[in-house]
Amino acid sequence: MGFFSSFCSFVSGACSVINSAVSSIGRGIVNVATSIANLGVEFAAKVADAIKAVGISLGIIKPEDTMEELGERALLSDKKPEDFKSINEYIDHLKNNVPFDREKFVKLDEKELLARSSIGASITLKGINEKLNATVTPEFMATVASQELEANEIIETIKIYKEKELNLDDYELYLNEELTLDENNKHSSALVEAYQKLEPELSLEQIEQKVMGLSK
């Protein structure tokens, strides 16, 4: 079996684990978790780390929480996110009311861990969307994870896009210079505004340089 086919069977194995849990975690969580798992172990881990950093920054999860453990607890829970008023209440329930067998957990293989990490990241991303009243997709998080942006940069970008009514999924098109000149200018101005809030000590010229550097 070649690398590509073994990679595909590995990822599809993780996705089967995720899909088999639809009755306990709900279709919405499953769909996003599958998108994350499809990135493959290495990149899915980067995306999960970016989601975790934003989740910590917004107070949705704590630094000691792991995406894998959150996913494991979700698989063991007899309650779904829909059973709670907010995703934060659901996460609190998972952390405080759902015990799991740590000895069994540490023996899980990489495919099982990818499934759990993707589910945990999906739950946290739902919390981010709830907190910011936004629609942040795994694709957007994959883009900012590949840029290695800090949590505060990601949050300010999400906020300014919402404020200016820009589509977050167009962020990657902006970086790749695939938008019209008019749309490109809207994104560029929004990002300049976001970075002025993040780094008020910099001059406008320095901020503009920084924003131009995002697409490299």
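Within the structure, every pair that satisfies the salt bridge (Lys or Arg N to Asp or Glu O under 4.0 Å) test and touches residues 128-148, not counting sequence neighbours, is listed here: K46-E148. Judged as a side-chain hydrogen bond (donor to acceptor under 3.5 Å, both in side chains), the pairs with a partner in residues 61-71 (not counting sequence neighbours) are, in order, D65-K95, E69-R102. Residue pairs that meet the side-chain hydrogen bond (donor to acceptor under 3.5 Å, both in side chains) test with at least one member in residues 77-88, sequence neighbours left out, are S77-H93.
Considering only heavy atoms from C-beta on, L108 comes within 4.5 Å of E72 through its side chain.
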Please set out all donor-acceptor pairs under 3.5 angstrom arising from side-chain atoms of residues 150-158, sequence neighbours excluded.
{"unit_1": "E153", "atom_1": "OE1", "unit_2": "E150", "atom_2": "N", "d": "2.8"}
{"unit_1": "E153", "atom_1": "OE2", "unit_2": "Y195", "atom_2": "OH", "d": "2.9"}
{"unit_1": "T157", "atom_1": "OG1", "unit_2": "E153", "atom_2": "O", "d": "2.7"}

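By the 6.0 Å contact criterion, CD on E110 is open, its count of non-hydrogen atoms from other residues, nucleotides or ligands being 12 or less.
Atom CD1 of I29 and atom OG of S118 lie 12.0 Å apart (nearest 0.5 Å). The distance from the CD1 atom of I160 to the CG atom of L191 is 8.5 Å, given to the nearest 0.5 Å.
For Y174, the ring pair (Phe, Tyr, Trp, His ring centres under 6.0 Å) test picks out H187, with sequence neighbours left out. Evaluation of the side-chain hydrogen bond (donor to acceptor under 3.5 Å, both in side chains) rule for N31 yields R27 as partners, not counting sequence neighbours.
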Using side chain to side chain contact (heavy atoms under 4.5 Å, CB included), reason through L125 and F140 one step at a time and then give a plain yes or no. CA-CA 11 Å; L125 186 58; F140 171 77; over 6 Å; no
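Tracing side-chain contacts under 4.5 Å through hydrophobic residues (I, L, V, M, F, W, Y), one never reaches I119 starting from V17; they form parts of separate clusters.
Panel note: side chain K162, backbone T135; no donor-acceptor pair is recorded below 3.5 Å. Side chain of N184 to backbone of L179: no donor-acceptor contact under 3.5 angstrom is found. For S215 (side chain) and M212 (main-chain N/O), a donor-acceptor pair under 3.5 Å exists by modelled atom type.
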